[in-house]
**Student:** 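Mind looking over this structure? Questions follow.
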Amino acid sequence: MNIFADIRTSVIETLDALVAEGRLPSGLSWGAVAVEPPRDPAHGDMATNAAMVLAKPADKAPRDIAVELAERLTSDPRIATAEVAGPGFINIRLVPEVWHDVVAEAIDAGRSFGHSGLGAGVKVNIEYVSANPTGPLHVGHTRGAVFGDALAALLEFAGYDVTREYYINDGGAQVDVLARSAYERYREANGLSPEIAEGLYPGDYLVPVGEALKVKYGDRLLNLPEGEWLTEVRDFATDAMMELIREDLATLGVKMDHFFSEKSLYGTGRIEAAIAELKKRGLIYKGTLEPPKGKVPEDWEPREQTLFKSTEHGDDVDRPIMKSDGAWTYFAPDIAYHWDKIARGFDELIDVFGADHGGYVKRMNAAVSALSDGRVPVDIKLTQLVKLYKNGEPFKMSKRAGTFITLRDVVEEVGADVTRFVMLTRKNDAPLDFDFAKVTEQSKDNPVFYVQYAHARVRSVMRRAETMHLDWSDNARLEDEAEFTVAKKIAEWPRLIEIAARNHEPHRVAFYLYELASDFHALWNKGNDNSALRFVQEGNPQATAAKIALPRAVAVVIANGLRILGVTPVEEMR
RNA sequence: GGCCCCGUAGCUCAGAGGAUAGAGCGACCGCCUCCUAAGCGGUAGGUCGAUGGUUCGACUCCAUCCGGGGCCGCCA
């Protein structure tokens with residue numbers, strides 16, 4: 001139940017009735033008619049703009065429509081008052097029973113409260129993380145992992161059929177570099193001193209890989225020319241890195257449905273097939289690009305390449321898919337990969353990239369648009385930088401010195417729950433400050449704590465109520481303003497889910513939970529002054545049952561929200 | 001030079017085209033005999049970067065400009 005959608009339906013039925021009676025002209029569109037919570041609670045529980053958006057097409061004064069509409073709306077038993085205000089708003093107040101019903105429904109529906117038919121089984125593929133398999137995941141990947149995972153859960157909650165996917169970049173030159181780096185560690189394991197040349201990966205994490213290579217191959221690969229060991233070492237090292245990455249993701253609670261290998265596209269005709277699709281549409285040609293303006297590379301010279309006419313689908317320049325030497329560019333397997341997703345029947349695609357990949361958005365959009373003839377929308381979400389701090393001091397990282405902070409460092413330091421919540425306290429495209437000290441602080445300054453604390457408070461009173469052997473009725477008795485404030489916030493949950501899902505913005509869930517927790521803490525505190533508002537009424541099981549329904553509903557919503565974010569709701573604070 | 005993101009209170013940030021633009025921090029003033037004060041209430045603080053445009057209505061959409069960041073031929 002989404003009370004805002006329900007009342008909107010009522011508004012529209014009323015409008016239809018007005019049309020049927022000739023009070024409004026026929027043929028009007030209700031698309032712009034909205035029923036929303038007002039900014040100022042003094043304006044009521046919800047407001048509709050119907051009269052204003054219909055005034056012009058209906059050729060009537062907004063207030064005339066509003067007066068007529070408002071008068072009829074009150075015949076809806078849920079609507080207590082409907083008043084015309086301002087330029088033509090209709091401010092609606094609902095009867096108290098509605099809010100009691102919301103509380104009962106939240107408790108009754110439990111984990112499914114807020115589920116939406118929005119997705120209606122639409123198949124969505126969400127690709128995230130997709131880090132090169134050349135080492136452990138670092139902080140930047142962590143944000144992408146958390147964001148993608150929360151978005152996936154959010155869409156599932158909203159009724160979408162979601163596939164979580166990771167694209168393994170195991171087809172390019174970087175995995176050869178990985179192989180050479182691992183080979184040096186293999187030599188080291190054999191008692192030789194490794195030569196980590198400039199450009200190789202120096203990290204310690206390859207030491208065990210070298211040792212494992214020794215276990216598998218003994219000394220047989222020593223003193224062989226690179227051509228004879230490269231493939232085997234590369235595959236071995238890549239598998240080891242993917243195993244490492246899977247473990248890293250597991251510590252965060254991220255589990256992919258599907259890993260897709262770039263390598264599987266090469267030599268199998270799959271790239272060729274995807275390019276053939278573009279060729280079929282007349283979007284492949286041979287040509288020479290202009291040099292990039294502004295920053296001209298020293299060694300630039302015009303070369304003829306095979307190009308994708310991405311400008312036909314909104315890109316700024318056409319993009320090379322094959323180099324002048326006949327090898328595919330990195331973009332070619334990307335096209336093939338996305339063609340594969342389309343061929344697998346996904347209705348919508350989402351890619352989560354780091355902000356440094358912003359330059360690829362237009363070309364990927366163009367590729368998907370071309371390959372699906374505009375049928376499959378692709379939304380590319382960029383996650384901005386994470387700046388690390390400790391007690392307000394910037395945390396210096398140096399890749400060269402190998403002192404970069406890994407995902408595992410972060411999770412071990414503050415825990416997966418805190419990591420996930422904090423990463424979602426900013427919009428994906430806003431930079432994020434992550435202070436190791438502050439995120440674990442137990443105070444209201446810390447949103448993770450604040451929301452968890454609200455949940456723990458509810459569980460605490462529920463444990464107390466257990467001892468009273470009361471009848472756990474879903475029927476709340478709401479009396480105080482603060483109680484209605486909380487119930488009304490709960491009523492917004494289903495609507496919030498739809499907005500967040502539609503915009504692909506899981507951070508909205510985190511912000512909402514903070515607001516709900518705030519309303520709840522306020523109510524709790526009111527119980528300090530006014531014992532009638534306490535959830536546990538000593539020696540009175542009936543009164544307690546009636547008062548404890550509301551916090552129970554709060555806990556349901558907080559738990560559902562936290563689960564979407566991938567955070568475990570806690571039973572008590574420790 | 002081009003493209004993308006950002007610009008909202010002193011600071012960090014929310015804000016489906018709606019009414020008098022919000023929250024937290026910081027500052028100031030209050031609230032524990034009472035389910036966790038790990039909390040709550042109040043006060044102060046704003047030309048929503050600028051100028052035009054669309055609209056009944058613009059922080060929101062469009063254009064131009066200013067400021068900050070990122071990316072920019074065959075690299076991955």
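Note that this is a predicted model, so its numbers are computed, not measured. Labels below follow one simple rule: chain letters A, B, ... track the order of the sequence lines, proteins then strands, and each chain is numbered from 1. Just the heavy atoms: all of them, side chains too, but no hydrogens, waters or symmetry mates, feed the values below.
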**Student:** Using a 4.0 Å heavy-atom cut-off, does A:P320 contact any base of the nucleic acid, only the sugar-phosphate backbone, or nothing at all?
**Tutor:** sugar-phosphate
**Student:** Using ring centroids (six-membered ring only for Trp), state whether A:Y337 and A:F260 fall under 6.0 Å.
**Tutor:** yes
**Student:** Can you figure out which of B:A14, B:C74, B:G39 approaches the side chain of A:K323 most closely?
**Tutor:** B:C74
**Student:** How is A:R39 classified with respect to the nucleic acid when contacts are heavy atoms under 4.0 Å: base, sugar-phosphate, or nothing?
**Tutor:**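 Here A:R39 touches the bases of the nucleic acid.
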**Student:** Has A:H521 got its ring stacked on B:G39, by the test of a centre gap below 5.5 Å and a plane angle below 30°?
**Tutor:** no
**Student:** Any base atoms under 4.0 Å from A:A47, or only sugar-phosphate, or nothing? Heavy atoms, all strands.
**Tutor:** base
**Student:** For A:D316, which contact category applies under a 4.0 Å heavy-atom criterion: base, sugar-phosphate, or nothing?
**Tutor:**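 Sugar-phosphate contact only - A:D316 comes under 4.0 Å of backbone atoms but never of a base.
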**Student:** Just to be sure I understand the rule, does A:H507 reach a base, reach only the sugar-phosphate, or reach nothing, if contact means heavy atoms closer than 4.0 Å?
**Tutor:** sugar-phosphate
**Student:** Under 4.0 Å, counting only non-hydrogen atoms across every strand here, what does A:S443 touch: a base, just sugar-phosphate, or nothing?
**Tutor:**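 If one applies the 4.0 Å heavy-atom cut-off, A:S443 turns out to touch the sugar-phosphate alone, with no base involved.
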**Student:** Does B:C66 fall in syn (glycosidic angle within 90° of 0) or anti?
**Tutor:** anti
**Student:** Just N and O in the side chain of A:K427: are any of them under 4.0 Å from OP1 or OP2 of B:C13?
**Tutor:**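 Looking at the OP1 and OP2 atoms of B:C13, neither is under 4.0 Å from any side-chain N or O of A:K427.
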**Student:** Determine the contact category for A:F449: base if any of its heavy atoms lies under 4.0 Å from a base atom, sugar-phosphate if only primed atoms, P, OP1 or OP2 are that close, otherwise nothing.
**Tutor:** base
**Student:** Applying a 4.0 Å non-hydrogen cut-off, can you work out what A:K526 is touching in the nucleic acid: base, sugar-phosphate, or nothing?
**Tutor:** nothing
**Student:** Using a distance-only criterion (donor-acceptor N/O pair, under 3.5 Å, no hydrogens), is the base of B:A19 paired with the side chain of A:N91?
**Tutor:** yes
**Student:** Can you tell me which nucleotide in B:A14, B:C56, B:C40 comes closest to the side chain of A:R426?
**Tutor:** B:A14
**Student:** Centroid-to-centroid, A:F436 to A:F434, below 6.0 Å?
**Tutor:**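 Yes, they do, as the ring centres are separated by less than 6.0 Å.
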**Student:** Assess whether one donor atom and one acceptor atom, taken from the side chain of A:R534 and the base of B:C34, lie less than 3.5 Å apart.
**Tutor:**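 Checked by distance alone, the answer is yes.
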**Student:** Please classify the nucleic acid contact of A:A85 as base, sugar-phosphate, or nothing, using heavy-atom distances under 4.0 Å.
**Tutor:**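 Base contact.
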**Student:** Do A:T440 and A:V414 have side chains that approach each other closer than 4.5 Å (heavy atoms only, starting at C-beta)?
**Tutor:** yes
**Student:** Would you classify A:E441 as touching base, sugar-phosphate or nothing, given that sugar-phosphate means primed atoms plus P, OP1 and OP2, and contacts are heavy atoms under 4.0 Å?
**Tutor:** nothing
**Student:** Hey, which of A:K488, A:K489, A:R508 is the one that makes salt bridge (Lys or Arg N to Asp or Glu O under 4.0 Å) with A:E515?
**Tutor:** A:K489
**Student:** Taking OP1 and OP2 of B:G70, is either one under 4.0 Å from a side-chain nitrogen or oxygen of A:Y360?
**Tutor:**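 Looking at the OP1 and OP2 atoms of B:G70, neither is under 4.0 Å from any side-chain N or O of A:Y360.
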**Student:** With a 4.0 Å cut-off on heavy atoms, is A:D445 in touch with a base, just the backbone sugar-phosphate, or nothing at all?
**Tutor:** sugar-phosphate
**Student:** Less than 5.5 Å between centroids and less than 30° between ring planes, does A:F89 satisfy that with B:A19?
**Tutor:** yes
**Student:** Centroid separation under 6.0 Å, is that true for the rings of A:F147 and A:Y128?
**Tutor:** no
**Student:** So which one's nearest nucleotide on RNA chain B is more toward 5', A:V536 or A:L382?
**Tutor:**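 The 5'-side residue here is A:L382.
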**Student:** Could you check whether A:R303 gets within reach of a base, just the sugar-phosphate, or nothing at all, counting any heavy atom under 4.0 Å?
**Tutor:** base
**Student:** Any base atoms under 4.0 Å from A:I499, or only sugar-phosphate, or nothing? Heavy atoms, all strands.
**Tutor:**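 Base, at least one base atom sits under 4.0 Å.
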**Student:** Any donor-acceptor pair, under 3.5 Å, between the side chain of A:T329 and the base of B:C74, if you only look at N and O atoms?
**Tutor:**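 Between B:C74 and A:T329, which were checked side chain against base, a qualifying N/O pair under 3.5 Å is absent.
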**Student:** Could you tell me whether A:P447 contacts a base, only the sugar-phosphate backbone, or nothing, with contacts defined as non-hydrogen atoms closer than 4.0 Å?
**Tutor:** nothing
**Student:** Would you check if A:T383 and A:V352 make a side-chain contact, meaning some heavy-atom pair closer than 4.5 Å?
**Tutor:** yes
**Student:** Determine which nucleotide pairs with B:G67, using a 3.5 Å limit on both distances of a Watson-Crick or G-U wobble pair.
**Tutor:** B:C6
**Student:** Return whichever of A:R464 or A:M46 has its heavy-atom-nearest nucleotide of RNA chain B closer to the 5' end.
**Tutor:** A:M46
